[in-house]
Every structure is written in structure tokens, then in C-alpha cells.
Amino acid sequence: MNSEKVRINKFLSDSGFCSRREADRAVDDGRVTVDGITAVTGMTVSRDQIICVDGQRLNDAGGTVLIAVNKPRGIVCTTESGEKNNIVDFIGYPERIYPIGRLDKDSEGLILMTNSGDLVNRMMRSRYGHEKEYMVTVHRPVTKTFVDKMRAGVPILGTMTRECIVERIGGRKFRIVLTQGMNRQIRRMCEHLNYEVVSLKRIRILNIELGGLKEGEYRDVTKEERKVLLAMTERSRESGRERKQN
């Protein structure tokens with residue numbers, strides 16, 4: 001038995017049920033029980049106790065699942081079971097996990113999936129400048145003017161995109177590194193400059209690279225990768241606090 005005590009909201013988050021904030025709401029609403037007794041905000045529990053939400057017991061494996069997936073085109077980054085092509089069913093992972101962020105249905109490449117609500121929240125704070133790298137093919141030759149304009153920022157969705165790294169690879173292909181996550185951002189940027197995206201693949205999120213992972217397959221993020229990832233997101237979170245205070 002494991003007698004280590006953790007706060008109830010941390011337990012729910014670590015189990016993959018939700019974020020800590022959502023866990024607090026579930027507790028306040030009386031939806032959580034510990035050994036059959038209604039939980040209260042701030043209480044601590046041990047991992048060998050029976051914790052249920054809406055009468056369903058949560059499984060806690062004592063660790064955070066984090067996998068890298070090479071998502072094919074046509075798969076939707078949602079947990080909604082009503083979507084027949086949802087990524088959760090496609091992966092078929094033995095534990096309850098969900099995607100960190102999104103990758104358009106028509107796009108392919110790297111998506112991270114986890115059972116940790118805290119990790120999802122940390123990664124989703126796009127204002128902290130988490131890098132995401134893509135390889136893009138468009139319908140006509142990439143020009144210097146196109147590259148310069150993409151780098152400087154493009155007006156979409158009522159705002160100007162941030163300056164970013166753009167490199168012409170050759171012909172109709174370019175590499176782009178974004179530090180924000182606007183809806184269909186690359187496609188909208190290209191459309192503004194009269195370019196149509198033919199294919200779009202994400203190849204990196206922060207320090208996690210797609211590498212040689214085959215389409216439709218996944219792998220565990222290594223301990224070293226996870227250590228670096230958490231350090232990078234923690235630094236960016238602290239930087240975000242400093243900018244907010246100033």
C-alpha cells in the first residue's frame with residue numbers, strides 16, 4: 001500500500017480526469033467521494049483509497065502518461081466519442097488519455113497525449129511562447145517575398161501574427177516555427193498571401209521531435225525528454241508571470 005498523501009484535486013488531475021481547477025469544481029459540486037464519503041475541498045487522500053467521481057472509480061497508476069503520436073490526416077484531435085475518427089479511439093491506449101492541444105483534421109504529424117490535466121494546462125498556455133515546428137507544402141513556388149511576409153507577421157482573425165522563423169526548403173516547401181496557436185494559423189497566413197496549403201506536418205513541439213515515428217504509431221516520451229519538457233514549460237510559466245506583473 002502507498003500511504004503518501006496528496007490533495008484531492010491533485011489526485012483527480014494525476015488520474016487524468018481533469019485539471020485541478022475542474023477537480024475543485026467537481027468536489028464543490030459534491031460529485032467526488034472518498035471511500036464512500038463525500039469529499040471536501042482541500043482534503044488529502046492516499047492512493048490506496050477508493051476515489052470516485054459520479055460513482056465511477058478513478059484509476060491511478062501512480063505516474064503520468066505522456067506519449068508522442070504521429071497523427072495521420074483525417075483523424076480528429078478530440079475525445080468526443082461521437083466523432084468516429086477521434087484520436088482517442090484511433091490510438092486505443094489502455095489508459096484514459098487525451099491530446100494536448102489540437103492538430104487540424106487535414107494536418108498530420110506530432111501530437112502529444114497524456115493523462116495529466118496539469119500538464120495539459122501547462123502546455124496550453126500559448127502566450128508563454130512554446131515552439132511548434134512544421135513542414136508545409138503549398139500549391140505554387142515559395143518566393144522570398146512570401147517568406148519575408150510570413151516571418152514579419154500576417155493579419156488574420158483580427159490581429160497580427162507574431163514574428164516567426166520561416167525557411168524556404170525548396171520549390172513549394174517551407175519550414176515554419178510558431179510560438180502561438182491560433183486556429184488554423186498557418187493555413188490562414190498562407191491564404192492571406194494567396195497561397196494554398198497542400199500538406200502540413202508538425203515535426204516538433206518544444207524539445208519533442210517526431211523523428212522517424214511512423215504514421216499512425218506512438219511512442220512513450222523518454223524520461224530525459226520529459227525532464228527537459230517540464231523544465232522548459234516551468235521557465236516559460238515563470239516568464240509569463242513576470243510579464244504579467246510588469
Side-chain angles (χ1 to χ4, degrees), residues 10 12-22 59-80 83 85-136 164-165 175-186 200-237 240:
K10 175 173 172 53
L12 266 63
S13 175
D14 287 350
S15 73
F17 174 72
C18 59
S19 68
R20 291 196 191 188
R21 182 176 298 179
E22 292 169 329
N59 295 317
D60 177 46
T64 299
V65 173
L66 181 60
I67 63 173
V69 180
N70 187 347
K71 184 192 88 68
R73 294 180 66 174
I75 299 301
V76 183
C77 292
T78 180
T79 58
E80 293 294 333
E83 169 56 62
N85 293 319
N86 75 78
I87 194 168
V88 175
D89 289 344
F90 175 78
I91 294 301
Y93 198 79
E95 295 183 39
R96 183 173 184 239
I97 58 174
Y98 34 86
I100 301 177
R102 296 181 62 85
L103 188 60
D104 293 339
K105 181 178 180 179
D106 295 330
S107 301
E108 59 187 306
L110 182 62
I111 184 82
L112 300 179
M113 299 186 70
T114 186
N115 63 349
S116 170
D118 273 358
L119 183 55
V120 171
N121 287 341
R122 180 182 293 198
M123 292 287 294
M124 289 298 289
R125 293 184 174 95
S126 61
R127 66 182 180 275
Y128 297 152
H130 298 163
E131 285 192 353
K132 296 177 183 178
E133 183 175 350
Y134 303 80
M135 295 294 293
V136 187
C164 61
I165 297 171
R175 179 180 73 93
I176 183 170
V177 181
L178 299 180
T179 56
Q180 61 188 141
M182 299 170 67
N183 183 36
R184 297 176 66 85
Q185 180 172 342
I186 296 173
L200 191 158
K201 176 183 285 189
R202 184 157 64 198
I203 60 173
R204 179 173 64 88
I205 300 174
L206 287 172
N207 65 305
I208 310 298
E209 297 185 359
L210 183 65
L213 189 62
K214 294 181 180 179
E215 183 179 285
E217 295 188 353
Y218 65 85
R219 67 171 177 85
D220 292 327
V221 170
T222 68
K223 290 182 179 179
E224 182 59 31
E225 286 175 325
R226 185 180 303 196
K227 180 180 178 181
V228 173
L229 179 71
L230 293 176
M232 293 174 76
T233 55
E234 184 61 32
R235 285 197 300 271
S236 62
R237 182 163 60 174

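Because only heavy atoms are used, hydrogens play no part in the values below, and waters and symmetry mates are left out as well, while side chains stay in.
Not a single donor-acceptor pair under 3.5 Å links the side chain of Arg202 to the backbone N or O of Arg204. Formation of a donor-acceptor pair under 3.5 Å by the Asn207 side chain with backbone atoms of Glu225 is found in this model. The main-chain N or O of Asn86 is never found under 3.5 Å from a side-chain atom of Asp89 such that the two would form a donor-acceptor pair. In this structure a side-chain-to-backbone donor-acceptor pair under 3.5 Å is present from Lys71 to Ser107. The backbone N or O of His130 lies less than 3.5 Å from no partner atom in the side chain of Thr179, so there is not a single donor-acceptor pair.
Annotation for Lys132: atom NZ counts as buried by contact number, over 12 foreign heavy atoms lying within 6.0 Å.
Applying the salt bridge (charged side-chain N to carboxylate O under 4.0 Å, His left out) test to pairs two or more places apart or on separate chains, those with a residue in residues 98-108 are Asp104-Arg184, Asp104-Arg187.
Taking all atoms of both residues into account, the shortest heavy-atom contact from Glu209 to Leu110 is C-CD2, 4.3 Å. Across all non-hydrogen atoms, the minimal contact from Arg175 to Val177 is NH1-CG2, 3.5 Å. The two residues Cys77 and Ile111 have their closest heavy-atom pair at SG-CD1, 4.1 Å. Taking both residues in full, the closest heavy atoms of Ala68 and Leu213 are given as O-CD2, 3.5 Å, listed atom of the first, atom of the second, then distance.
Distance check: Met135 CE to Leu200 CG gives 10.5 Å after rounding to the nearest 0.5 Å. Rounding to the nearest 0.5 Å gives a distance of 7.0 Å between OH of Tyr134 and CD1 of Ile205. Separation of atoms CD1 (Ile208) and CZ (Arg219) is listed at 6.5 Å; rounding is to 0.5 Å. To the nearest 0.5 Å, atom CD1 of residue Ile91 and atom CE of residue Met113 are 6.0 Å apart. The structure places OG1 of Thr78 at 7.0 Å from CD of Glu83, a figure rounded to the nearest 0.5 Å. Rounding to the nearest 0.5 Å gives a distance of 6.0 Å between OH of Tyr218 and CD1 of Ile67.
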TODO: Determine, step by step, whether Ile203 and Glu133 satisfy the side chain to side chain contact (heavy atoms under 4.5 Å, CB included) criterion, reporting the C-alpha distance in whole Å, the side-chain angles of both residues, the deciding distance to 0.1 Å, and the verdict.
DONE: CA-CA 6 Å; Ile203 60 173; Glu133 183 175 350; 3.6 Å; yes
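Residues Val88 and Arg96 form no side-chain contact, since every pair of their non-hydrogen atoms from C-beta on lies 4.5 Å or further apart.
The one candidate from Ile100, Asp220, Ile97, Asn115 that meets the side chain to side chain contact (heavy atoms under 4.5 Å, CB included) condition with Leu66 is Ile100.
When the salt bridge (Lys or Arg N to Asp or Glu O under 4.0 Å) test is applied to Arg73, no partner is found at least two apart in sequence or on another chain.
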